Amino acid sequence: MPVVDLRSDTLTVPTEAMRAAMREAEVGDDGRVDAEGRGGDPTVNRLEDHAAELLGKEAALFCPSGTMANLVALATWCERGDAAALEPDLHVFRTEKSPFMEKFLGVQPVFYTRDAEGMPEVASFASACATPDVKLACVENSHNFGGGICVSLTRQQALAATARTAGIPVHMDGARLFNAAVALGVDAAYLAACADSVMFCLSKGLGAPFGSVLCGTREFIAKARQTRKLLGGGMRQAGIMAAAGLVALRTGIERLAEDHENARHLGAALAAYDEFVLTPVQSNIVMLDISASGRSSEWFEQQLAPLGLLAKGMGKDHLRLTTYSGVGRQDMARAIEAFERFMEENRALWK
């Protein structure tokens, strides 16, 4: 039986164009910095320039992962003991953790809340930003644990204005920033303009096999480059991987709309089951609240796998299904069929 794997959009594989670009990449030592603060790998430099231009920022820094790029950003903006305004379900806090662990960076979290639609509450955000010792505000777009919810441009602009009034910078975890831009119908640069630093992943929906990019001012990126080095992120001949990232940025953004349509198709089918609460599907993530079943997300994973569907538990009470390049409408049909069989076998749970 063919297995439909919807655990994450990190499961993409490189396209032939990416593989060809990697084979032919011009490379150098990205860890060696010249007098202008640029690394020595020409392909990495081209990727960084292209990324900065796309987001309307002055400069960019290629990092091995989104986790490192977020850590670099927080470690560049904050000193040990500083506080950061954030929402407790942000990926950087809930999963990545290290900036807020005492043995690593030791940043203190000050929480703000989201409203019923999953958007950051401006008043709560303002209160968190006004808290003593807060030196940075963190946002996420699209919101992973929020079920792929995309923070609107007007709300993002309101948050940015609030942070400016408080005199603190904003860092955006934009791991799926281009998903958010496509879903909202706005240029990614408009969303990026609402933050002083922005991270986005070249993997996930864009489909590259490696890496993330951190964007900001030239001054910030120069400092971030030093932070990346201290964290072990200096890379040799990294152009091999940056070449795939360039292909991803040039060919992968418009294609994201296909993933969103597949997610909406899947979500519409799962919404027919009254036993679950479905987060409104805005991008490439379908999130189900399964708490009414009384069973854990791990149990759901175990029951669905033999039926040919792999899903990802998000905490105890939620199940995530993610669309990406490589899974199409036929895969959605198989996923829906697997869920139908699951419900036939387990409907008694809700009686």
Side-chain angles (χ1 to χ4, degrees), residues 3-12 65-67 70 86-98 100 109 111-120 138-151 173-177 179-180 183 199 201 203-205 259-260 262-271 273 275-305 307-324 327 331-332 335-336 338-339 342-343 346 349-350:
V3 173
V4 182
D5 194 342
L6 302 182
R7 290 174 296 172
S8 177
D9 47 7
T10 60
L11 294 164
T12 57
S65 68
T67 298
N70 279 332
L86 66 151
E87 183 254 305
D89 274 339
L90 292 189
H91 194 270
V92 69
F93 180 77
R94 183 165 167 177
T95 299
E96 293 174 352
K97 299 182 184 300
S98 62
F100 305 95
F111 294 123
Y112 61 84
T113 58
R114 288 188 287 146
D115 62 22
E117 295 181 344
M119 301 289 169
C138 297
V139 296
E140 184 176 340
N141 207 2
S142 65
H143 196 299
N144 180 25
F145 283 96
I149 291 292
C150 302
V151 181
D173 178 348
R176 297 179 176 89
L177 175 64
N179 287 96
M199 181 281 289
C201 289
S203 55
K204 298 187 170 70
D259 298 341
H260 299 176
N262 284 331
R264 285 192 292 269
H265 179 74
L266 176 60
L270 299 186
Y273 296 107
E275 293 85 354
F276 308 111
V277 178
L278 176 73
T279 300
V281 180
Q282 292 188 357
S283 56
N284 69 321
I285 293 176
V286 178
M287 186 80 84
L288 292 174
D289 183 334
I290 57 173
S291 57
S293 69
R295 298 298 181 95
S296 69
S297 60
E298 183 179 6
W299 182 86
F300 272 75
E301 290 178 7
Q302 294 170 350
Q303 298 301 309
L304 286 168
L307 301 176
L309 177 59
L310 302 183
K312 171 67 175 175
M314 302 293 279
K316 179 178 181 294
D317 294 330
H318 290 83
L319 197 70
R320 188 187 73 180
L321 303 102
T322 310
T323 57
Y324 54 92
V327 293
D331 297 293
M332 297 304 101
I336 292 167
F339 227 95
F342 168 80
M343 291 304 295
N346 295 283
L349 284 176
W350 290 271

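Bear in mind the structure is a predicted one, so any value in this text is a computation, not a measurement. Side-chain atoms are counted along with the backbone in the values below, which use heavy atoms only and exclude waters and symmetry mates.
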- Note on the structure: CD of Gln303 to CD of Glu298, rounded to nearest 0.5 Å, is 11.0 Å

- Is Glu117 close to Ile149 at the side-chain level, that is, under 4.5 Å between some pair of heavy atoms? no

- Query: At what distance, to the nearest 0.5 angstrom, does OG1 of Thr322 lie from CG of Leu11?
  - Reply: 8.5 Å

- Taking the side chain from Ser297 and the backbone from Gly315, do they hold a donor-acceptor pair closer than 3.5 Å? yes

- Note on the structure: Residue pairs passing the side-chain hydrogen bond (donor to acceptor under 3.5 Å, both in side chains) test with at least one member in residues 138-150, sequence neighbours excluded, are Glu87-His143, Asn141-Gln156, Asn144-Arg320

- Item | Between CE on residue Met199 and CG on residue Asn70, distance to nearest 0.5 Å | 4.0 Å

- What closest approach, in Å, do Pro120 and Tyr112 show between heavy atoms, and which atom pair accounts for it? CB-CE1, 3.8 Å

- Message: Could you work out, with ring pair (Phe, Tyr, Trp, His ring centres under 6.0 Å) as the rule, every residue matching Phe339, not counting sequence neighbours?
- Response: Phe276, Phe342

- Task: Taking ring pair (Phe, Tyr, Trp, His ring centres under 6.0 Å) as the test, write out the residues that go with Tyr324, two or more places apart.
- Result: none

- Item | Residue list, salt bridge (Lys or Arg N to Asp or Glu O under 4.0 Å) with Glu275, at least two apart or on another chain | Arg347

- Query: Which pair of heavy atoms, one from Lys204 and one from Cys201, lies closest together, and at what distance?
  - Reply: NZ-SG, 3.4 Å

- Task: Check whether more than 12 heavy atoms from other residues, nucleotides or ligands sit under 6.0 Å from atom CD of Gln302, and answer yes or no.
- Result: yes

- Task: Locate the shortest heavy-atom distance separating Leu310 from Ala305; write the atom from each residue and the value.
- Result: CD2-CB, 3.7 Å

- Which pair of heavy atoms, one from Phe300 and one from Ser293, lies closest together, and at what distance? CE1-OG, 3.3 Å

- Within-4.5 Å side-chain heavy-atom neighbours: Val277 and His318: no

- Task: Return the set of residues passing salt bridge (Lys or Arg N to Asp or Glu O under 4.0 Å) with Asp89 (not counting sequence neighbours), or none when no residue passes.
- Result: Arg94, Arg114

- Message: Nearest 0.5 angstrom please: Glu301 CD to Leu309 CG, how far?
- Response: 10.5 Å

- Which atom of Gly205 lies closest to which atom of Asp259, heavy atoms considered: O-OD2, 4.5 Å

- Can you list the steps and then say if Leu266 with Leu321 is a side-chain contact (heavy atoms from CB on, under 4.5 Å)? CA-CA 9 Å; Leu266 176 60; Leu321 303 102; 4.1 Å; yes

For residues 278-290, dump all side-chain donor-acceptor pairs below 3.5 Å to protein atoms at least two apart in sequence or in another chain.
{"residue": "Gln282", "atom": "OE1", "partner": "Cys150", "partner atom": "N", "Å": "2.7"}
{"residue": "Ser283", "atom": "OG", "partner": "Gly148", "partner atom": "O", "Å": "2.8"}
{"residue": "Asn284", "atom": "ND2", "partner": "Asp9", "partner atom": "OD2", "Å": "2.9"}
{"residue": "Asn284", "atom": "ND2", "partner": "Thr323", "partner atom": "O", "Å": "3.1"}
{"residue": "Asp289", "atom": "OD1", "partner": "Ser291", "partner atom": "N", "Å": "2.9"}
{"residue": "Asp289", "atom": "OD1", "partner": "Ser291", "partner atom": "OG", "Å": "2.7"}

